[in-house]
Amino acid sequence: MSRLGALAPRAKPAGAATSTAVAFDRAAARLGGRTIWSDVSLTVAEGDFVAVLGPNGAGKSTLINAILGLLPLAAGTASVLGRPPGDSKGLIGYLPQRRSFDTGTRIRGVDLVRLGLDGARWGVPLPGLPSHKRDAARVGEVIELVGAIGYARQPIGELSGGEQQRLLIAQALVRRPKLLLLDEPLDSLDLPNQAAVAALVRRICEEEYVAVLLVAHDINPILGYLDRVVYLAGGNAIEGAPQEVITSETLTRLYGAPIEVLRASDGRLVVVGQPEAPFVHGDRHG
Amino acid sequence: MATAMVEAAIFQGLSWNPLADLRELFAYPFMVNALEAGTIVAVMGGVIGWFMVLRRQTFAGHTLSVIAFPGAAAASLAGLPLAVGYFGFCGLGALALAGIAGSRRSLSAESAAIGSLQALALALGFLFVSLYHGVLNGLDSLLFGTFLGITGRQVTVLLAVAAAAVALVAIAARPLFFASVDGDVARARGVPVRALGFGFLLVLGLSVAETSQITGALLVFALLVTPAATAHQLTPRPGLGIALSVTLALAVTWLGLALAYFSIYPVGFYVTSLSFGLYLLVRVSRALASRRRTTGRLALEAA
Ligand SMILES: Nc1ncnc2c1ncn2[C@@H]1O[C@H](COP(=O)(O)OP(=O)(O)O)[C@@H](O)[C@H]1O
Ligand SMILES: [Mg+2]
């Protein structure tokens with residue numbers, strides 16, 4: 001019954017030493033003079049698929065910005081791929097929150113993916129060069145990996161939300177990052193597309209051996225694929241295996257208010273009593 | 001001086017012998033200068049305009065062109081070369097726009113601030129014109145463009161500025177493209193998004209100052225926006241789009257100059273009408289093509 005128990009431990013690539021992709025120790029973040037969260041300690045191992053959960057405004061995107069080094073920590077220490085945040089930009093793939101392109105956007109998906117590869121390089125790209133061919137081959141490879149071959153050459157504004165999201169994931173992947181930060185990639189997708197993108201991220205996580213932090217509003221579409229969760233609420237965070245964290249006791253402790261976790265007959269989790277942003281789909285997005 | 005000769009040439013009109021007419025176009029040095037200046041401005045406008053349309057900064061571009069007008073009027077008033085006024089005012093205008101954009105207001109507050117700047121510029125322009133007691137010679141050419149009296153020295157200055165601006169944009173092409181379409185990811189990758197935005201506004205200011213000298217302050221859009229917008233409609237590929245934008249700008253400039261030479265209407269009028277006509281043609285044919293695709297698909301589904 002429980003999809004949590006169905007997770008078999010994954011084989012790491014031979015010879016790969018397990019090291020940490022992200023480590024926070026008693027970290028705090030402040031924005032506009034307000035402490036968003038504090039005393040947050042967490043570890044993400046290489047190759048782990050981790051969900052970042054929590055109600056709206058809990059500071060999930062803030063956590064991503066802190067990992068990227070765009071927001072300096074107010075307290076505590078952090079290390080990202082063994083270095084201070086902001087020092088390993090080239091090794092991180094990032095998909096920001098709520099990014100969709102309106103129908104007027106006349107940019108092809110393939111060009112957007114390519115920017116992920118060489119967009120930070122100065123100078124004019126010269127077609128005849130061997131590096132140009134190598135780059136084009138890599139772009140083709142990731143587009144195939146996310147299953148976007150059929151529409152990568154169309155203007156991205158004319159594609160559906162799910163198609164755009166796949167291309168954006170390809171863009172985040174194109175430099176073979178060691179760490180993928182996906183901020184609500186399932187947002188604005190319908191349920192079948194949420195499941196498909198979650199499965200895709202899991203597959204990438206295994207095939208490319210990349211650590212993934214995926215910010216989500218609803219745990220259910222990704223529950224079967226996760227290694228760990230980070231749950232942010234009430235200015236604090238708890239990190240652990242899903243079956244340890246998504247429980248009535250743990251969440252009650254985190255929120256400091258009575259919370260009940262119910263399991264529906266289909267295995268879906270429902271969190272009841274959450275001060276805002278209920279966990280289940282359908283009644284969010286004000 | 002040369003004006004009498006020029007007018008004599010103009011009023012001869014078309015001979016309807018294409019070769020002879022073409023030869024005549026290149027017979028006078030003032031016309032060769034005009035064609036050279038137009039070519040330089042069209043190439044620059046095609047490249048910079050493509051990025052401006054991509055970045056949805058046409059309102060900022062338009063404001064800069066309105067700022068060009070008091071610049072030129074102030075230069076006339078002070079007895080300085082017009083180019084000094086154009087470059088000086090557009091440069092300052094770009095700094096002001098960058099300041100507005102940098103203050104991180106909401107989008108609506110930003111466009112309101114840009115609009116106020118535009119109104120101030122127009123008011124200043126008319127102030128300078130009326131301070132000029134009597135008739136400011138060539139007010140209509142400040143506003144609507146001229147191809148008369150472009151000197152070899154002016155062409156050299158245009159070329160130097162355009163070459164510098166296009167070279168800067170070429171060096172920054174990819175990061176600028178990245179920052180323009182996908183700012184958040186670009187910033188996370190270490191692209192200096194704000195500095196690029198600031199630099200681009202300065203280059204845009206230079207470009208507007210150059211274009212104003214051919215099309216006049218009010219018709220800068222004809223060269224800076226319309227060919228670029230048409231190119232964006234025609235292709236989503238960046239390299240091809242920039243090439244198309246430049247080609248279209250060149251075509252309307254050359255044709256506009258030739259038409260203006262053989263008639264009594266200002267060059268800005270022709271350049272504007274031609275590029276607007278092209279844009280309309282492309283929009284309409286694209287709309288028709290997509291209608292045909294939809295009805296075709298419906299017919300297939302019905303079958
Ligand atoms: N620039 C800012 N200045 C002050 N507060 C901010 C700023 N940006 C975000 N916040 C606040 O920080 C909190 C956390 O934001 P965020 O990390 O985006 O939440 P989440 O991604 O979990 O929804 C929110 O309450 C938000 O209002
Ligand atoms: Mg967020």
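Just so it is clear, the values below take in all heavy atoms, side chains as well, and ignore hydrogens, waters and symmetry mates. In the text below, chain A, chain B and the rest are named by the order of the sequence lines, each starting its count at 1. The shown structure was predicted, so the numbers you read here are calculated from the model rather than taken from an experiment.
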Problem set entry | A:Arg106 side-chain N/O to B:His232 backbone N/O, donor-acceptor pair under 3.5 Å | yes

Exercise. When you measure from the side chain of B:Arg174 to the backbone N and O of A:Gly123, does any donor-acceptor pair fall under 3.5 Å?
Worked result: yes

For this session: Pull out the residues in residues 176-184 of chain B that come under 4.5 Å of chain A, heavy atom to heavy atom, sorted by number.
Result: B:Phe177, B:Phe178, B:Val181, B:Asp182, B:Asp184

Problem set entry | Main-chain N/O of A:Gly116 paired to B:Arg189 side chain as donor or acceptor, under 3.5 Å | yes

For this session: Look at B:Gly239, B:Pro192, B:Ala188, B:Ala186 and state which one has the largest set of heavy-atom pairs under 4.5 Å with chain A.
Result: B:Ala188

Problem set entry | Residue pair B:Pro238 / A:Asp111: nearest heavy atoms and the distance that separates them | CD-OD2, 3.2 Å

Exercise. Do other residues, nucleotides or ligands put more than 12 heavy atoms under 6.0 Å from the CZ atom of A:Arg153?
Worked result: no

Exercise. Does A:Glu144 CD have over 12 foreign heavy atoms under 6.0 Å away?
Worked result: no

Exercise. Given that the side chain runs from C-beta out, which part of B:Arg56 has a heavy atom under 4.5 Å from chain A: side chain, backbone, both or neither?
Worked result: side chain

For this session: Identify which of A:Gly93, A:Gly86, A:Pro96, A:Gly69 forms the greatest number of heavy-atom pairs closer than 4.5 Å to chain B.
Result: A:Pro96

Exercise. Side chain, backbone, both or neither: which part of B:Leu168 has a heavy atom under 4.5 Å from chain A?
Worked result: neither

Problem set entry | CZ/B:Arg237: more than 12 non-hydrogen atoms of other groups inside 6.0 Å | no

Seminar exercise, completed: Cut-off 4.5 Å, heavy atoms of chain B, and the answer for A:Arg175 is side chain

Exercise. With B:Pro236, which of A:Gln154, A:Glu158, A:Arg108 fulfils side chain to side chain contact (heavy atoms under 4.5 Å, CB included)?
Worked result: A:Arg108

Problem set entry | chain B contact via A:Leu112 - which portion, at a heavy-atom distance below 4.5 Å | side chain

